[in-house]
Amino acid sequence: MRTGDSSSEAAATAASGGTMGEEKVVAPPFRLAEVALRLCVVPLAVASLWEMATNKQVDETYGEVAFSDLSGFRYLICINATTAAYSVASILMSSFKFITRFDWLIFLLDQASAYLLLTSASAAAEVLYLARKGDRQVSWGEVCSYFGGFCGRATVSVALHAAALLCFMALSLISAFRAFSKFDPPPPCSEIPKQMADEQWK
């Protein structure tokens with residue numbers, strides 16, 4: 001019996017040691033991926049902001065057009081500035097160990113940033129689509145044939161913004177995994193009646 005107990009304890013120790021070894025192998029890639037994604041968001045958001053904020057074109061016949069004339073583009077600039085600032089702050093905070101207590105806060109902020117990027121990308125893409133294709137039902141003609149440079153720079157800005165959105169979508173998954181992995185998984189359905197019976201006997 002003792003031999004069996006010792007062998008089972010050794011197997012349990014080996015299994016736990018194997019699990020710890022696996023955690024050490026799995027955890028660093030997630031950490032490295034998270035930092036890399038947050039670092040990527042900063043230049044993408046800043047480049048998108050700069051490309052749109054400096055976007056202006058003057059035509060001798062049709063006048064001048066700038067990003068400030070369109071609310072969708074103004075919204076994109078505001079969200080780019082917000083997400084870039086949050087990315088820098090989250091990178092700085094991640095260097096402190098106590099930030100692991102606030103995994104839920106990081107998860108919520110990542111989710112909020114992803115949704116804000118999604119809404120601003122949708123608004124800017126809609127404006128850009130109307131500028132390129134127009135809308136005949138409301139007699140809104142396309143303008144990119146007259147302001148080609150403006151539409152080209154706006155397209156680049158929206159593309160960079162979309163890349164930042166993809167980064168934050170991945171960050172949302174990583175932060176969600178880190179926040180929810182602290183909880184034990186629910187028991188299988190077959191074990192629930194047994195647990196209820198044990199509680200009643202207690």
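Taking Ser172 as the reference, nothing meets the side-chain hydrogen bond (donor to acceptor under 3.5 Å, both in side chains) condition, with sequence neighbours excluded. Not counting sequence neighbours, the partners of Arg38 by the side-chain hydrogen bond (donor to acceptor under 3.5 Å, both in side chains) test are Glu34, Ser90, Asp110. In terms of the side-chain contact (heavy atoms from CB on, under 4.5 Å) criterion, residue partners of Thr54 (sequence neighbours excluded) are, by chain and number, Trp50, Arg153. In this structure, Tyr129 has no ring-ring contact (aromatic ring centres under 6.0 Å, His included) partners at least two apart in sequence or on a different chain. Residues satisfying the side-chain contact (heavy atoms from CB on, under 4.5 Å) test with Leu166, not counting sequence neighbours, are Met169. By the side-chain hydrogen bond (donor to acceptor under 3.5 Å, both in side chains) test, Ser68 is found to be paired with no residue, residues two or more places apart in sequence or in another chain being considered. Evaluation of the salt bridge (charged side-chain N to carboxylate O under 4.0 Å, His left out) rule for Glu126 yields no partner, not counting sequence neighbours. Judged as a side-chain contact (heavy atoms from CB on, under 4.5 Å), and not counting sequence neighbours, the contacts of Leu39 are Val35, Ile91.
The two residues Leu165 and Ala114 come nearest to each other via the heavy atoms CD1-O, 3.5 Å. Of all non-hydrogen atoms in Phe168 and Ser113, the two that sit nearest each other are CE2-CB, 3.5 Å. In terms of heavy atoms, Ala124 sits closest to Phe73 at O-CE2, 3.6 Å.
Looking at heavy atoms from C-beta onward, Thr155 lies in side-chain contact with Arg132 at the 4.5 angstrom threshold.
Leu105 and Tyr86 fall within a single hydrophobic cluster, where Ile, Leu, Val, Met, Phe, Trp and Tyr side chains are chained together by heavy-atom contacts under 4.5 Å. Clustering ILVMFWY residues whenever any of their side-chain heavy atoms sit less than 4.5 angstrom apart, transitively, puts Met52 in the very cluster that holds Leu128. Criterion: ILVMFWY side-chain heavy atoms under 4.5 Å apart, direct or through other members. Under it, Leu160 and Leu76 are not part of a common hydrophobic cluster. In terms of hydrophobic clustering, with Ile, Leu, Val, Met, Phe, Trp and Tyr side chains grouped at heavy-atom distances under 4.5 Å, Leu37 and Leu109 are assigned to a common cluster. When hydrophobic clusters are built by joining Ile, Leu, Val, Met, Phe, Trp and Tyr residues whose side-chain heavy atoms come closer than 4.5 Å, directly or via intermediates, Ile174 is grouped together with Leu118.
Interatomic distance, CD1 of Ile106 versus CG of Leu171, reported as 10.5 Å (0.5 Å rounding). How far OG1 of Thr82 is from CD1 of Ile77: 11.5 Å, rounded to the nearest 0.5 Å. Rounded to the nearest 0.5 Å, atoms CG (Asn55) and CZ (Phe147) are 11.5 Å apart. In this structure, CG on Leu117 lies 7.0 Å from CD1 on Ile79, to the nearest 0.5 angstrom.
Sequence neighbours left out, not one pair with a member in residues 156-170 passes salt bridge (charged side-chain N to carboxylate O under 4.0 Å, His left out). For residues 68-80, no residue pair satisfies the salt bridge (charged side-chain N to carboxylate O under 4.0 Å, His left out) rule, not counting sequence neighbours. The disulfide (SG to SG under 2.5 Å) contacts involving residues 145-177 comprise Cys144-Cys151, where partners must be two or more places apart or lie in separate chains.
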Starting from the C-alpha separation in whole Å, work towards a yes-or-no answer on side chain to side chain contact (heavy atoms under 4.5 Å, CB included) for Tyr75 and Leu116.
CA-CA 10 Å; Tyr75 181 45; Leu116 288 173; 3.9 Å; yes
I would like to know whether Phe177 and Phe107 meet side chain to side chain contact (heavy atoms under 4.5 Å, CB included); could you show each step before the answer?
CA-CA 9 Å; Phe177 173 80; Phe107 165 68; over 6 Å; no
Just list the side-chain donor-acceptor pairs under 3.5 Å for residues 40-48, sequence neighbours left out, or say none.
| unit_1 | atom_1 | unit_2 | atom_2 | d |
| --- | --- | --- | --- | --- |
| Ser48 | OG | Asn80 | ND2 | 3.0 |
| Ser48 | OG | Ser157 | O | 2.7 |
| Ser48 | OG | Ser157 | OG | 3.0 |

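Judged by distance alone, the side chain of Gln57 and the main-chain N or O of Phe150 form a donor-acceptor pair under 3.5 Å.
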